[in-house]
Amino acid sequence: MKDPAVFCCLPLPDPVEAQFRTAFRLIMAEAGNALDQLAQLHAAGERLDAIVTGLGCSPLDAAAIRALPPSLRMIASYSVGTDHIDLDAARERGLAVSNTPGTLINAVADAAMFLILGAARRATESIDLIRSRTWTGWTPHQLLGVELAGRTLGIYGMGEIGGAVARRARAFGMHIAYTNRLLVETSDACFVPDPLDLMARADILLLAAPSTPHTRGFVNAVSLARAKPSMLLVNIARGDLVVDADLIAALDSGRIQGAALDVFAGEPDIAPGYFDLPNLLMTPHIGSSTLEARMAMGASVIGSIRAFRAGKADSCRLV
């Protein structure tokens, strides 16, 4: 069997691109519209087996999927999430769709702890004080934060990543409470059926749920009204779980103490009101940004495409 011909829509770290070139006849998209380039390749007689896409690429909506070259049999997403792909349209066209589950757990869980610690210890204000060159030295009342030991981490979405964060948080002496679609078998975490009750009891609330019609907009004026004034909010999930205007108002008014966000609705465009909040730590969607995670994602894509071509659908990580 010949190596599959694969068109990659997104730039890759050099070691990952090398992985792909070993496994595939790889065509990397150039600057510009990748889907237009794909159409041009088809018009020139290039027969492609699969397309690799991901977050940050042009969304594969129904119209884009209908316009894909007929030789394509598979969409491989270099991501865990697939909200940038119209899965129904892909199925209608008979296209397999794979993703990279399980590859980001440690990276994102580590980033979650970084954000939790940053929010608890007022990282944005500390960094600004140093970089502004206005720090006058240590004082007993300077930038008082909170310790994690003994506090309750509420996890909204106790999946693999939520569970990995819980294990790390326990090492800091935190208590774990969570809400989830399904009850998780664990003896050292408290299941809270009502998400609003979780909001009310959490000292730190971690958003770790996928973006679904049920979860979108969960953090809003109504839910924030249930929070403790001392609560810290951390989002490593998807930006659209938060109603930006309501969170900005809560942070600006002191309704909650602080927040740390790695994801944003409509990113890379960020709601302007966030930028002037000293009690907000922001990072540019770096939750999975480790070389280990990127290499694991690449291996997952390679394995899925190879398995699909070999007729081993149960090994394809199909969604």
Side-chain angles (χ1 to χ4, degrees), residues 111-132 134-135 139-148 150-157 165 169 174-175 177-179 192 194-209 211 214-285 287:
M113 291 307 303
F114 166 73
L115 293 172
I116 289 168
L117 287 162
R121 299 304 295 269
R122 300 172 64 173
T124 295
E125 294 164 275
S126 296
I127 292 167
D128 286 348
L129 182 61
I130 288 286
R131 290 190 176 275
S132 67
T134 58
W135 182 44
T139 65
H141 53 75
Q142 177 179 274
L143 291 173
L144 298 180
V146 297
E147 297 181 6
L148 301 185
R151 298 187 184 274
T152 296
L153 175 65
I155 300 178
Y156 181 73
V165 178
M174 301 192 77
H175 307 299
Y178 73 96
T179 190
V192 182
D194 187 339
L196 292 179
D197 289 341
L198 183 72
M199 177 75 84
R201 71 187 296 170
D203 295 306
I204 298 172
L205 182 71
L206 175 71
L207 303 181
S211 173
H214 177 70
T215 63
R216 288 178 202 127
F218 166 65
V219 176
N220 57 42
V222 172
S223 61
L224 287 164
R226 297 285 299 275
K228 301 175 183 179
S230 58
M231 192 192 81
L232 302 171
L233 175 76
V234 175
N235 190 4
I236 57 161
R238 283 288 183 265
D240 60 10
L241 272 63
V242 174
V243 177
D244 289 330
D246 293 349
L247 178 57
I248 290 167
L251 291 167
D252 186 49
S253 67
R255 179 66 198 81
I256 64 171
Q257 183 171 326
L261 308 176
D262 185 50
V263 288
F264 305 87
E267 58 187 53
D269 295 326
I270 298 175
Y274 281 134
F275 289 96
D276 297 324
L277 295 169
N279 53 346
L280 174 63
L281 170 62
M282 295 190 289
T283 53
H285 203 146

Is it the case that more than 12 heavy atoms not belonging to [X] sit under 6.0 Å from its [atom1] atom?
X: F114; atom1: CZ; answer: no
X: R121; atom1: CZ; answer: no
X: Q142; atom1: CD; answer: yes

### Message
Among N235, L115, L153, which residue satisfies the side chain to side chain contact (heavy atoms under 4.5 Å, CB included) criterion with L206?
### Response
L153
## Note on the structure
From the list I256, V243, V242, side chain to side chain contact (heavy atoms under 4.5 Å, CB included) with V219 holds only for V242
Where [X] and [Y] come nearest, the two heavy atoms and their spacing:
X: A177; Y: T152; result: CB-CG2, 4.1 Å
X: L241; Y: A209; result: CD2-O, 3.8 Å
X: A120; Y: L148; result: CB-CD2, 3.9 Å

### Note, D203 side chain near M231 side chain (heavy atom, < 4.5 Å)
no
### Task
Find out whether R226 and D197 are in side-chain contact, i.e. whether some heavy atom of one side chain is under 4.5 Å from a heavy atom of the other.
yes
Atom pair [atom1] ([X]) and [atom2] ([Y]), whose distance is rounded to the nearest 0.5 Å:
X: E125; Y: S132; atom1: CD; atom2: OG; value: 11.5 Å
X: K228; Y: I204; atom1: NZ; atom2: CD1; value: 10.5 Å
X: L205; Y: T179; atom1: CG; atom2: OG1; value: 10.0 Å
X: I236; Y: I116; atom1: CD1; atom2: CD1; value: 7.5 Å
X: S253; Y: L224; atom1: OG; atom2: CG; value: 9.0 Å
X: S211; Y: F218; atom1: OG; atom2: CZ; value: 14.0 Å

### Query
With distance as the sole test, does S223 use its side chain to make a donor-acceptor pair with the main-chain N or O of L196 at under 3.5 Å?
no
### Query
Is the backbone of A225 close enough, under 3.5 Å, to the side chain of R255 for a donor and an acceptor to pair up by distance?
yes
### Query
Can Y274 and I248 be said to form a side chain to side chain contact (heavy atoms under 4.5 Å, CB included), step by step?
CA-CA 6 Å; Y274 281 134; I248 290 167; 3.5 Å; yes
#### Entry: Qualifying salt bridge (Lys or Arg N to Asp or Glu O under 4.0 Å) pairs with a residue from residues 231-248, counting only residues at least two apart or across chains
D83-R238, R216-D240
What donor-acceptor contacts under 3.5 angstrom involve side-chain atoms of residues 275-284, with partners at least two apart or in another chain?
{"unit_1": "N279", "atom_1": "ND2", "unit_2": "L251", "atom_2": "O", "d": "3.1"}
{"unit_1": "N279", "atom_1": "ND2", "unit_2": "Q257", "atom_2": "O", "d": "3.2"}
{"unit_1": "T283", "atom_1": "OG1", "unit_2": "D262", "atom_2": "OD1", "d": "2.7"}

### Message
Run the side chain to side chain donor-acceptor pair (under 3.5 Å) test against H285 and tell me which residues pass, sequence neighbours left out.
### Response
E267
